[in-house]
Amino acid sequence: MRLITVKRETKVEKRFTPKMGELLTKVTYIKKQFLSIPVKTVHKYRETYYGKIKDCKSCELAR
């Protein structure tokens with residue numbers, strides 16, 4: 001049995017960018033788990049409309 005695992009989870013979220021305004025994107029979270037309890041988010045990224053992968057730091061959560 002593994003004590004520490006890494007899991008990916010994809011959610012659809014509302015994001016806001018200054019150029020495009022509010023948009024719905026698929027955000028993928030990579031989380032580190034200890035005994036199936038999420039401990040830390042290692043990385044999160046989003047997929048654009050054109051299929052490119054970008055970091056989530058360039059856009060904020062929608063208000």
Can you tell me how far [atom2] of [Y] sits from [atom1] of [X], rounded to the nearest 0.5 angstrom?
X: Glu13; Y: Leu24; atom1: CD; atom2: CG; answer: 10.0 Å
X: Lys44; Y: Tyr29; atom1: NZ; atom2: OH; answer: 4.5 Å
X: Arg2; Y: Phe34; atom1: CZ; atom2: CZ; answer: 14.5 Å

With side chains defined as the heavy atoms from C-beta onward, is the minimum distance between [X] and [Y] less than 4.5 Å?
X: Glu9; Y: Lys31; value: yes
X: His43; Y: Asp55; value: yes
X: Arg15; Y: Val27; value: yes

Worksheet entry | Listed partners of Thr41 passing side-chain hydrogen bond (donor to acceptor under 3.5 Å, both in side chains), at least two apart | none

Worksheet entry | Partners meeting side-chain hydrogen bond (donor to acceptor under 3.5 Å, both in side chains) with Arg8 (sequence neighbours left out) | Tyr45

Fill in: Candidate list Leu3, Thr5, Ile4, test side chain to side chain contact (heavy atoms under 4.5 Å, CB included), partner Gln33, passing option
Thr5

Worksheet item: Going only through I, L, V, M, F, W and Y residues with side-chain contacts under 4.5 Å, is there a path from Val6 to Ile53?
Response: yes

